[in-house]
Amino acid sequence: MARIGFVGLGNMGGPMARNLLKAGHQIAGFDLVPAALEAFAAAGGTRAGSAAGAAQGADVVITMLPAGRHVRDAWLGAGGMAAASAPGAVLIDCSTIDVATAREVAAGAGRPMLDAPVSGGTMGAEAATLTFMVGGPEEAFARALPILQAMGKTIVHCGGAGAGQAAKVCNNMMLAANMIITAEAFVLAEKLGLSHQALFDVSSKSSGQSWALTSYCPVPGPVPNSPANRDYRPGFAAALMLKDLGLSQEAAATAGAETPLGAQALALYRRFVEAGGGENDFSGIIRMLRGG
């Protein structure tokens, strides 16, 4: 079993770390939020006094942090985790951040480093069914694979440094647009007198089928585990989707790619979040599209 340092024990990192503990790994964890650190310790983890303290002596060091600036500071800042880690350690950042920062941190770490953002939300984190999109060296990926498999179901090596982040922003841009059009279809169906279940039964077996429909249906009933059945408690918060769409449009501008639907999805989710929907699941955008 591996010795793992894990920094960022919130809604995603907390259950990910617990799944590593269940797999028998020894984990030193750190989080700035005392309640998150207490929950981690209650699950059998060892509290570290700092992010660098979590990295010391670990075979694998993992971060799950809010944004690129936090990732840069944690790994490369004064007393950072990269310098504190052992020369042979594998470093893994599971945060969703911009591609440029992911490549900058990988280049400056002085250790084999992977960018490995995830898809699957808090439900996937709890169930250890996350999808990991991984960028970085092949050898480091091979060493990290058993660790990632304890937290996820699908692990894909996407290429060199930053490739995992590139895959994540492309995937979530598609997801956001799919959710918006799925929600619009249900709003139209309501106005036409068609039941939610009837539309689901047809579209889930026809050309309108998508993950947004069959796994995360934005209306209650057809998919019992979707956030729509919990008054749109996340799940994957709309504020996080807005963040990811911003990253996708930043990447598109840098790469010179035309993404008009991605830009429109960003505008709609910005409206939803600014109207107070940020803490709701991103599928809750159907409420705004209804005009309510």
Side-chain angles (χ1 to χ4, degrees), residues 10-12 66-67 96-98 117-126 130-131 167-204 206-252 258-292:
N11 292 334
M12 292 294 293
T96 296
I97 63 173
D98 61 286
V118 303
S119 178
T122 55
M123 292 186 293
E126 292 283 357
L130 293 169
T131 294
K168 176 66 183 288
V169 298
C170 291
N171 178 78
N172 277 21
M173 185 175 69
M174 287 190 284
L175 174 58
N178 280 334
M179 182 56 75
I180 290 167
I181 198 63
T182 300
E184 287 183 349
F186 275 103
V187 172
L188 177 59
E190 291 165 359
K191 293 184 179 297
L192 295 174
L194 182 65
S195 73
H196 293 161
Q197 191 64 53
L199 177 58
F200 179 86
D201 289 346
V202 170
S203 296
S204 64
S206 301
S207 54
Q209 191 275 335
S210 69
W211 187 92
L213 174 68
T214 58
S215 295
Y216 237 66
C217 187
V219 296
V223 178
N225 290 329
S226 76
N229 297 284
R230 306 189 305 271
D231 196 32
Y232 299 99
R233 294 192 302 274
F236 185 60
L240 295 177
M241 178 58 83
L242 178 63
K243 168 197 164 185
D244 289 0
L245 285 166
L247 291 174
S248 77
Q249 293 311 291
E250 179 182 328
E258 291 289 336
T259 57
L261 288 180
Q264 183 64 21
L266 173 63
L268 287 169
Y269 271 101
R270 182 178 290 121
R271 275 180 52 198
F272 182 49
V273 169
E274 289 176 352
E279 294 185 2
N280 293 329
D281 188 79
F282 79 103
S283 59
I285 198 168
I286 191 170
R287 289 172 161 170
M288 185 186 81
L289 296 171
R290 286 192 183 109

Apply the side-chain hydrogen bond (donor to acceptor under 3.5 Å, both in side chains) test between Asp244 and each candidate in Asn172, Asn171, Thr96; give the one that qualifies.
Asn172
Expected output: side-chain Ser226 to main-chain Cys217 donor-acceptor under 3.5 Å:
yes
In the structure I gave you, are the side-chain heavy atoms of Ile285 and Tyr232 within less than 4.5 Å of one another anywhere?
no
If you compare all heavy atoms of Ala228 against all heavy atoms of Pro220, which two are closest, and at what distance to 0.1 Å?
CB-N, 3.5 Å
Are the side chains of Arg290 and Glu190 in contact, using a 4.5 Å heavy-atom criterion?
yes
Answer yes or no: is there a donor N or O on one side and an acceptor on the other, between the side chain of Arg233 and the main chain of Glu279, under 3.5 Å?
no
Do the side chains of Leu245 and Met241 get nearer than 4.5 Å, heavy atoms only?
yes
Can any side-chain N or O of Asp281 pair as donor or acceptor with the backbone N or O of Phe236 at less than 3.5 Å?
yes
With rounding to the nearest 0.5 angstrom, report the CG to CE distance, Leu213 to Met179.
9.0 Å
How long is the span from the CE atom in Met173 to the NZ atom in Lys168, to the nearest 0.5 Å?
14.0 Å
Does any N or O in the side chain of Thr122 come within less than 3.5 Å of the main-chain N or O of Gly235, such that one atom is a donor and the other an acceptor?
yes
Measure the CE-CG distance between Met123 and Leu130 for me, rounded to the nearest 0.5 Å.
11.0 Å
Nearest heavy-atom approach of Leu247 to Val169 is CB-CG1, 3.7 Å
Between Phe200 and Val223, is there a side-chain heavy-atom distance shorter than 4.5 Å?
yes
How about Thr131 and Val118: do any of their side-chain heavy atoms sit closer than 4.5 Å?
no
Would you mind reporting whether Glu184 and Ile180 have side-chain heavy atoms less than 4.5 Å apart?
yes
What closest approach, in Å, do Val219 and Ile286 show between heavy atoms, and which atom pair accounts for it?
CG1-CD1, 3.6 Å
Can you name the nearest heavy-atom pair linking Ala212 to Thr182, along with the distance?
CB-OG1, 4.0 Å
Does the gap between the ring centers of Tyr216 and Phe282 come in under 6.0 Å?
yes
Beyond-backbone contact of Trp211 with Leu175, side-chain heavy atoms, under 4.5 angstrom:
yes
Taking all atoms of both residues into account, what is the closest heavy-atom pair of Ser283 and Pro218, and its distance?
O-CB, 3.8 Å
Taking all non-hydrogen atoms of both residues, which atom of Asn229 and which atom of Gly221 are closest, and how far apart?
OD1-N, 2.9 Å
Atom CZ of Arg230: over 12 foreign heavy atoms under 6.0 Å:
yes
